[in-house]
Number of protein chains: 2
Amino acid sequence: MNQIDQLKAVFTECGISAALEVVGERWSFLILRGAFNGLHHFEEFQSTLGIARNILSNRLTRLVEHGILRRDPDPDDRRKVAYRLTEKGRDLLPVLLSLRQWGERWVSGLPSNPVLVDRLGRRPIMVTVHAEDGRPLSLGDMEWVDRADLGKDAAA
Amino acid sequence: MNQIDQLKAVFTECGISAALEVVGERWSFLILRGAFNGLHHFEEFQSTLGIARNILSNRLTRLVEHGILRRDPDPDDRRKVAYRLTEKGRDLLPVLLSLRQWGERWVSGLPSNPVLVDRLGRRPIMVTVHAEDGRPLSLGDMEWVDRADLGKDAAA
DNA sequence: GCAAAGGGTTGCGTTATGAAACTCAGTGGG
DNA sequence: CCCACTGAGTTTCATAACGCAACCCTTTGC
């Protein structure tokens with residue numbers, strides 16, 4: 001098995017590397033953040049993010065190819081194209097939110113604006129790591145287990 | 001201030017871009033994944049990830065500079081250096097896990113190995129987005145609110 | 001018909017990434 | 001003490017990704 005095959009194996013066997021292959025390039029996350037914030041059009045992304053037009057074009061195309069965004073031409077104005085999150089894209093919300101939570105806590109220091117709130121309680125939503133029964137967990141409460149031993153352990 | 005200008009302001013100070021400055025480069029997440037999986041040494045990262053040595057060197061240095069990893073020379077063998085997650089680094093777990101969850105579901109299709117389980121229940125842990133009271137939320141249950149309006153709304 | 005808007009491309013220079021070879025202190029065995 | 005080997009990097013040079021500015025082509029509004 002050569003170097004390339006090894007790399008390829010790494011890329012396909014782990015969910016993290018699989019995900020990064022699709023959304024790991026520079027700007028991808030920021031474009032998605034924009035999409036979650038209600039941006040739809042090329043010019044909106046370009047002017048709010050300040051990204052180079054060729055790169056933006058490239059990323060949007062890639063995100064569409066990977067089924068994360070949909071490209072909807074506007075029937076009323078045929079110059080316009082709306083990029084919208086698919087379900088696959090919307091399902092990246094936990095990634096974006098946890099990244100934001102971390103960035104606010106450890107890098108920028110200050111909570112950013114606007115805040116995503118629960119429509120009912122009108123309190124900020126949160127991302128947590130927890131057990132199936134809902135108990136919140138920290139790293140010390142977890143351990144790595146070979147998948148093959150999972151059922152076995154649970155049964156034991 | 002129109003919507004776009006608002007977003008533009010938001011974006012420069014957003015936790016997501018802050019986070020990406022630090023961990024957004026290629027390989028950073030994979031190195032962190034390795035660290036969470038118990039890798040500590042340069043050679044371990046290099047051989048398991050297949051990353052170029054110069055890049056690995058560069059990333060490790062950056063992650064140390066940003067306080068995500070600690071660089072501990074081994075007192076018993078002065079050739080060895082152990083890279084360990086700091087609290088700031090460990091706090092990236094939700095990001096890594098949600099990324100992995102997404103990658104497994106939407107890209108690789110299959111669950112990867114090993115699995116992080118709850119030490120007590122010995123069941124896989126999970127990452128979710130939810131309200132303060134624990135209710136799981138989907139995008140439709142949330143809305144963006146200006147932080148200044150938060151208390152106001154809650155009081156109203 | 002003409003200017004402007006929207007969504008891109010093209011060309012070209014700069015940075016980032018990658019492969020392979022090289023360094024160099026430290027260690028372990030004979 | 002000598003030599004092979006290990007661990008953790010550096011250096012060199014080629015290639016890919018990124019960024020800027022300018023350009024292009026439809027579609028619209030007037």
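Heavy atoms only: backbone and side chains are in, while hydrogens, waters and symmetry mates are out. Residue numbers start from 1 in every chain, and the chains themselves are labelled A, B, ... in the order their sequence lines are given, proteins ahead of strands. Treat the numbers as computed from the prediction; the structure is a model and nothing was measured.
Here dA8(D) is the nucleotide among dA8(D), dT27(C), dT28(D) with the atom lying nearest to any side-chain atom of F42(B). Listed nucleotides dG18(C), dC20(D), dC18(D) differ in distance to E25(A); the shortest reach to its side chain belongs to dC18(D).
Contact of the V127(A) side chain with the V127(B) side chain is registered, since non-hydrogen atoms from C-beta on lie closer than 4.5 Å.
Residues that satisfy the side chain to side chain donor-acceptor pair (under 3.5 Å) test with E132(B), not counting sequence neighbours, are R123(A). For R79(A), the side chain to side chain contact (heavy atoms under 4.5 Å, CB included) criterion is met by D77(A), not counting sequence neighbours. Residues that satisfy the side chain to side chain contact (heavy atoms under 4.5 Å, CB included) test with V107(A), not counting sequence neighbours, are W102(A), A18(B), V22(B). Remark: E44(B) pairs with no residue by the salt bridge (charged side-chain N to carboxylate O under 4.0 Å, His left out) rule, at least two apart or across chains. Legend: residues meeting side chain to side chain contact (heavy atoms under 4.5 Å, CB included) with E25(B), ordered by chain and number and at least two apart, are S28(B), R59(B), R62(B). Every residue two or more places apart in sequence or in another chain that forms a side chain to side chain donor-acceptor pair (under 3.5 Å) with D146(A) is listed here: N113(B). Checked against side chain to side chain contact (heavy atoms under 4.5 Å, CB included), A82(B) has the following partners two or more places apart in sequence or in another chain: H40(B), H41(B), D72(B), R84(B).
In this structure, CG of N54(B) is placed 13 Å from P of dA16(C), rounded to the nearest angstrom. Atoms CD1 (I31(B)) and P (dA8(D)) sit 14 Å apart, rounded to a whole Å. Going from atom CD1 of I51(B) over to atom P of dA16(C) covers 15 Å, rounded to whole Å. The separation between L56(B) atom CG and dA16(C) atom P is 18 Å, rounded to whole Å. The CD1 atom of I55(B) sits 14 Å away from the P atom of dA20(C) (whole-angstrom rounding). At whole-Å resolution of the value, CD in Q46(B) and C1' in dA19(C) are 11 Å apart. The distance between atom CD of E44(A) and atom P of dG8(C), rounded to the nearest whole Å, is 13 Å. The CG atom of L49(B) sits 16 Å away from the C1' atom of dA19(C) (whole-angstrom rounding).
DNA chain D is contacted by both D77(A) and A82(B); A82(B) maps to the nucleotide lying nearer its 5′ end (nearest heavy atom per residue).
For the contact set between residues 57-71 of chain B and DNA chain C, defined by any heavy atom under 4.0 Å, the members are R59(B).
A distance-only check finds a donor-acceptor pair linking the side chain of W144(A) to the backbone of F36(B) [under 3.5 Å].
For the pair H41(A) and dG6(C), the criterion of a side-chain N or O lying under 4.0 Å from OP1 or OP2 is not met. At the phosphate of dA16(D), neither OP1 nor OP2 sits under 4.0 Å from any side-chain N or O atom of R26(B). Residue Y83(A) places no side-chain N or O under 4.0 Å from the OP1 or OP2 atom of dG6(C). For dG18(C), one of the phosphate oxygens OP1 or OP2 lies less than 4.0 angstrom from a side-chain nitrogen or oxygen of W27(B).
The salt bridge (Lys or Arg N to Asp or Glu O under 4.0 Å) pairs that include a residue from residues 101-113 of chain A are R100(A)-E104(A), R105(A)-E87(B), R105(A)-D91(B), where partners are two or more places apart or lie in different chains. Among pairs with a residue in residues 109-121 of chain B, those fulfilling salt bridge (Lys or Arg N to Asp or Glu O under 4.0 Å) read R135(A)-D118(B), E143(A)-R119(B), at least two apart in sequence or across chains.
Stem analysis of DNA chain C (at least three stacked-register Watson-Crick or G-U pairs, each with both distances under 3.5 Å) gives C:1-30 with D:1-30.
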Using atom names, set out every protein N or O paired with an N or O of nucleotides 22-26 of chain D below 3.5 Å, distance rounded to 0.1 Å.
none

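More than 12 heavy atoms of other residues, nucleotides or ligands lie within 6.0 Å of CZ in R70(A), so this atom counts as buried by the packing criterion.
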